[in-house]
Amino acid sequence: MLRAPSPALLESLRSLLGPRGFTRDAEVLAPWLSDWRSRYHGRSAALLSPASTAEVQAIVARCSAERVALVPQGGNTSMVGGATPDPDGGALLLSLRRMNSVRSVSPEDNVAVAEAGVILSDLHDAAAAAGRRFPLSLGAKGSATVGGLVSTNAGGTQVLRFGPMRSLVLGLEAVLPDGSLFEGLSALRKDNRGYDLKQLLIGAEGTLGIVTAASLKLVAAPGSRSVAWVGLGSPAAALALLRRLEARLGEAVESFELVPEDALALVLAGIPGTRAPLAGAHRWHVLVESVAPEGARDSAEALQEALAAALEEGLAEDALVAANEAQASALWRLRESIAEAERLQGPSVKHDVSVPVSAMPAFIEEARAAVEERFEGARVVAFGHLGDGNVHFNVQPPAGMAAETWLAGQAEAVTRLVHDRVGEAGGSISAEHGIGQMKLGELARTADPARLAALRAIKNALDPAGIMNPGKLIPSL
Ligand code: FAD
Ligand code: MLT
Ligand code: ZN
């Protein structure tokens with residue numbers, strides 16, 4: 001049974017952490033008590049911001065002894081309410097944001113060791129300064145932290161080539177629920193000592209411990225990179241284009257992002273300074289990024305030629321290759337602003353789903369038709385990581401209808417329909433955002449009993465008192 005923090009515990013944490021590491025100020029706490037989409041709102045008696053692994057250990061040991069829950073938090077960009085505490089206020093919020101140093105970057109080993117609070121774009125900069133690259137990026141790169149990325153097994157826009165966080169983490173340092181330290185930072189490329197605790201912690205959403213630092217895989221910085229925007233007729237054409245580009249360019253293709261016309265329209269309407277990349281209208285678009293190693297032929301020429309061939313073959317309707325870095329960034333901004341443009345538009349029913357890549361075009365078209373037929377006026381915006389078989393299949397309320405009222409009545413049924421289709425296609429109801437609190441019910445409804453039993457058994461073995469991020473990821477019995 002969890003307990004609320006006692007005055008004595010709060011006092012001991014205050015003196016442990018000092019004024020920079022401990023606050024109960026409601027104004028300071030407020031932005032961290034709701035999620036990015038403002039769908040979840042919680043309370044907490046205090047915000048703890050340790051500056052070192054030793055302080056994290058001391059916090060966890062004291063909370064464990066008193067059975068007080070902790071909600072770890074990084075940049076608070078979770079799409080599933082994973083870092084928002086419960087409204088009962090019994091849990092303490094544990095921010096890792098002060099632990100933000102890149103401890104080392106080794107170009108020889110191709111490894112960076114970064115603390116949990118390092119912001120992704122700062123990690124990109126640190127790797128670039130050493131002539132290397134950390135090959136994972138996403139729209140929230142200016143806020144999302146290493147600890148959050150590890151704990152959600154984040155994906156993003158380069159999974160096609162490099163995989164999600166799970167394939168980029170070489171080692172972890174983490175404080176376990178009893179306050180002990182898992183010292184697994186050594187970046188061995190091979191280590192076969194049985195169960196891999198590091199892999200259990202990746203994607204655990206803070207339910208098994210607090211990640212304090214990670215050893216992360218770096219790759220060579222590219223010699224050149226090129227970004228193109230392509231207009232085409234359907235998701236099937238987009239997938240055919242991807243396979244065509246891969247045949248010509250091989251592993252040079254690093255990103256392949258699907259954008260429907262309605263998502264582009266949302267961005268152009270809502271995000272200042274954005275412009276339509278192509279002259280005409282197209283039902284679907286893709287953003288392609290390809291790279292070339294140092295000394296190789298410029299990536300733009302190769303991409304240009306490959307796209308010209310695709311246009312001739314009728315796979316694409318129009319294409320633009322960015323002429324310079326500014327144009328390339330402007331194209332990426334169109335893609336990366338979709339989530340923000342949707343948020344500005346108002347609440348929607350979000351789904352982050354995966355199916356086998358070859359099944360995705362049919363999934364998008366058929367699930368869209370099914371939603372539109374059953375929920376009159378509902379608008380589907382399906383975009384994202386087509387090359388990974390992962391789209392964000394979001395459903396907006398009918399135009400002119402009070403969004404919250406419609407969602408209160410329909411969201412659950414919409415989600416069931418979408419997730420049932422995902423199940424029929426052999427897919428997953430969470431491709432990259434995790435379960436958090438948003439998908440607990442759907443995980444319980446759709447997961448096979450063996451998976452749920454194993455999740456609960458692992459949780460009970462490592463966190464028997466249940467102090468780590470309660471109410472997230474693990475459906476209660
Ligand atoms: P938080 O939101 O603070 O926390 C996320 C989860 O991790 C919570 O369960 C929290 O308790 C836990 N946690 C955080 N830090 C620690 C720690 N040190 N130890 C243990 N547990 C911890 N996600 C993708 O995968 N791909 C995308 O393309 C993508 N694009 C996004 C675009 C936008 C605009 C936004 C707002 C979000 C996007 N996300 C995406 C979701 C989000 O950015 C990721 O889930 C990210 O990994 C969260 O990092 P964070 O530091 O903000 O973590
Ligand atoms: C993205 O790919 O842009 C994100 O995962 C955010 C979203 O789902 O809206
Ligand atoms: Zn995504």
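Start at 1 and go down the list; that is how both ligands and their atoms are numbered.
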Any G209 heavy atom less than 4.0 Å to ligand 1: yes
Counting only nitrogen or oxygen atoms and a 3.5 angstrom limit, does A144 reach ligand 1? no
Give me the residue, atom name and distance of the protein heavy atom closest to atom 2 (O) of ligand 1. S78 N, 2.8 Å
Close N or O approach (T145, ligand 1; < 3.5 Å): yes
What are the two closest non-hydrogen atoms of G206 and S151, and how far apart are they? N-CB, 4.1 Å
Hey, which N, O or S atom on E432 ends up closest to the Zn ion (ligand 3)? OE2
Tell me the protein heavy atom at minimum distance from atom 10 (C) of ligand 1, and give that distance in Å. P72 O, 3.2 Å
So does E432 get a backbone contact from the side chain of D352, meaning a donor-acceptor N/O pair under 3.5 Å? yes
For ligand 1, is there an atom lying under 4.0 Å from some heavy atom of M79? yes
Within the 4.0 Å heavy-atom cut-off, what H433 brings close to ligand 1 is side chain
G74 N/O under 3.5 Å from ligand 1 N/O: yes
Return the minimal non-hydrogen interatomic distance between E55 and L17, and the atom names on each side. OE1-CD2, 3.4 Å
Vertex the Zn ion (ligand 3), ends H385/NE2 and H392/NE2: angle to nearest 10° comes to 100°
Checking S215 side chain against A187 main chain: does a donor-acceptor pair fall under 3.5 Å? no
Can any side-chain N or O of N394 pair as donor or acceptor with the backbone N or O of H351 at less than 3.5 Å? yes
So that I can tick it off, tell me whether D196 and K198 are bridged by a salt bridge, with the cut-off set at under 4.0 angstrom between side-chain N and carboxylate O. yes
Looking only at heavy atoms, which two atoms of F256 and A238 are closest? And how far apart? CZ-O, 3.1 Å
Heavy-atom nearest neighbour in the protein, as seen from atom 7 (C) of ligand 2, with distance rounded to 0.1 Å: K350 NZ, 3.4 Å
Okay, side chain of N390, backbone of H385: is any donor-acceptor separation there less than 3.5 Å? no
Which residue and atom name correspond to the protein heavy atom nearest atom 3 (O) of ligand 2, and how close is it? R335 NH1, 3.0 Å
The protein heavy atom nearest to atom 4 (C) of ligand 2 is H392 NE2, 3.6 Å
Going by heavy atoms, is M165 under 4.0 Å from ligand 1? no
What is the closest protein heavy atom to atom 53 (O) of ligand 1, and at what distance does it sit? G148 CA, 3.4 Å
For N394 and ligand 2, does the shortest N/O to N/O distance drop below 3.5 Å? no
Is the backbone of P164 close enough, under 3.5 Å, to the side chain of S167 for a donor and an acceptor to pair up by distance? yes
What's the shortest distance from atom 50 (P) of ligand 1 to any protein heavy atom, and which residue and atom give it? G75 N, 3.4 Å
For ligand 2, which atoms, with element, lie under 4.0 Å from some heavy atom of M79? 6 (C), 7 (C), 9 (O)
Can an N or O of N76 be found at a distance shorter than 3.5 Å from an N or O of ligand 1? yes
Is it the case that ligand 1 has an N or O less than 3.5 angstrom from some N or O of G82? yes
Treating R161 as the side-chain partner and E251 as the backbone partner, does any N or O pair qualify as donor plus acceptor under 3.5 Å? yes
Out of L138, T152, T77, indicate the one that has the non-hydrogen atom closest to atom 6 (C) of ligand 1. T152
Is H385 close enough to touch ligand 2? Criterion: a residue heavy atom under 4.0 Å from a ligand atom. yes
Residue and atom name of the nearest protein heavy atom (relative to atom 33 (C) of ligand 1), distance in Å to one decimal: A140 CB, 3.7 Å
Under 4.0 Å from a heavy atom of G206: which atoms of ligand 1 are those, numbered in the order shown and with their elements? 20 (C), 21 (N)
Starting from atom 22 (C) of ligand 1, which protein heavy atom do you reach first, and at what distance in Å? S151 OG, 3.2 Å
Polar contacts were defined as any N/O atom of the residue lying under 3.5 Å from an N/O atom of the ligand; does this apply to E432 and ligand 2? yes
R335 charged N/C atom sitting above W229 aromatic ring, 6.0 Å / 45°: no
Does R343 reach the main-chain N or O of W36 with its side chain, forming a donor-acceptor pair under 3.5 Å? yes
How far is atom 8 (O) of ligand 2 from its nearest protein heavy atom, and which residue and atom name does that atom have? H433 CE1, 3.0 Å
Could you check atom 4 (O) of ligand 1 against the protein and tell me its nearest heavy-atom contact, residue, atom and distance included? A83 CB, 3.7 Å
What protein heavy atom sits nearest atom 19 (N) of ligand 1, and how far away is it? V211 N, 2.9 Å
For K472 and ligand 1, answer yes if some heavy atom of the residue is under 4.0 Å from a ligand atom, otherwise no. no
